[in-house]
Structures are given as structure tokens and as C-alpha cells.
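Structure first, then comments.
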Amino acid sequence: MNATVTEQPLSLNLPGFSYADLYNPQKLQQLLQVFDAEVATRNAALATEFDAYRACGGEGLAPEQVSDLLVRMAPHVGEFVARLFQVSDRRDQR
């Protein structure tokens, strides 16, 4: 027996943003600004390092430095995306 699933439109768990905004470059830029501000609030030094990395595109950094920076940034990205798509509870179960 197949259960009927009611599909609801995907919504983002961030005031002022909707799923359609993920296809809008200007709204994506605003979403990035929200993310950057959150990282800066939690870890200003990491945010500054990441801004410098973006500015130079990684030029002049050793591969190990880039890897280290990305690994340190990954938990912030994961948390933000999980909260944005309202899957934090499933992520935390792992």
C-alpha cells in the first residue's frame, strides 16, 4: 500500500529569504552576507582569514594552508546549510 505524501514547497529557515532566492544572484549575495556575518560573530579571526583567501583566490597559499582553512570553515557551512534547510535535527543524529 502506498501512502500519499503531501508535498509542501521547500522553504528556507531564514527570515527574508525564500527557496526561489537560491536562483537569484542578488539574493544569494545577501545570503552570503548573512553567513559571513554569522561566522564573523563566532570567529572573527577565521572570517578575516577566509576573506583574505577569497580576495586572493588562494594564490600564494600552500595547498596545506588552503586545506586547513577549508576544514576549519566546513563546520560553519554545514551548520548554516542545515539550519537553512531545517535539517539540523537529522544532521545532529549522525
Side-chain angles (χ1 to χ4, degrees):
M1 180 188 300
N2 290 335
T4 303
V5 176
T6 303
E7 290 189 31
Q8 297 178 351
L10 185 60
S11 63
L12 301 182
N13 189 31
L14 196 60
F17 292 94
S18 68
Y19 181 76
D21 293 336
L22 298 177
Y23 298 94
N24 179 325
Q26 292 148 333
K27 290 297 277 189
L28 277 175
Q29 184 64 36
Q30 291 174 2
L31 192 60
L32 178 60
Q33 290 171 351
V34 170
F35 170 75
D36 288 344
E38 288 184 9
V39 173
T41 297
R42 292 181 172 187
N43 189 332
L46 178 60
T48 300
E49 273 187 79
F50 201 74
D51 285 344
Y53 165 75
R54 280 186 187 145
C56 73
E59 291 294 320
L61 297 175
E64 297 83 5
Q65 290 174 299
V66 173
S67 293
D68 177 66
L69 179 59
L70 296 177
V71 166
R72 288 184 291 131
M73 190 61 125
H76 296 280
V77 174
E79 182 178 323
F80 185 81
V81 170
R83 184 169 42 93
L84 187 66
F85 290 104
Q86 303 173 62
V87 295
S88 295
D89 55 336
R90 285 186 264 169
R91 183 197 64 166
D92 294 342
Q93 290 176 357
R94 296 184 140 207

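Just so it is clear, the values below take in all heavy atoms, side chains as well, and ignore hydrogens, waters and symmetry mates.
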Applying side-chain contact (heavy atoms from CB on, under 4.5 Å) to F50 and L70, what does each step give before you reach the verdict? CA-CA 8 Å; F50 201 74; L70 296 177; 3.9 Å; yes
Under the side-chain contact (heavy atoms from CB on, under 4.5 Å) rule, what do F80 and V39 come out as? Steps first, then yes or no, please. CA-CA 9 Å; F80 185 81; V39 173; over 6 Å; no
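Scanning both residues, G60 and Q65, for their nearest heavy atoms gives O-OE1, 4.5 Å. Closest approach of A40 and A47 over heavy atoms only: CA-CB, 3.6 Å.
Linking ILVMFWY residues whenever their side-chain heavy atoms come closer than 4.5 Å, directly or via other members, places L32 and L69 in the same cluster. Under the 4.5 Å side-chain contact rule for hydrophobic residues, V81 and V71 do not share a cluster.
Between Q30 atom CD and K27 atom NZ the span is 4.5 Å, to the nearest 0.5 Å. Here CG of L84 is found 6.0 Å from CG of L14. Values are rounded to the nearest 0.5 Å. The CG atom of L12 sits 5.5 Å away from the CZ atom of F85 when rounded to the nearest 0.5 Å.
No side-chain heavy atom of L28 sits under 4.5 Å from any side-chain heavy atom of F17.
Listed by first and then second residue, the side-chain hydrogen bond (donor to acceptor under 3.5 Å, both in side chains) pairs involving residues 44-57 are D36-R54, E49-R72 (not counting sequence neighbours).
Remark: side-chain polar atoms of N13 are not paired, donor with acceptor, to backbone N or O of Q86 under 3.5 angstrom. Distance alone, capped at 3.5 Å, places no donor-acceptor pair between the D21 side chain and the N24 backbone. Side-chain N or O atoms of E38 include none that pairs as donor or acceptor with a backbone N or O of H76 at under 3.5 Å.
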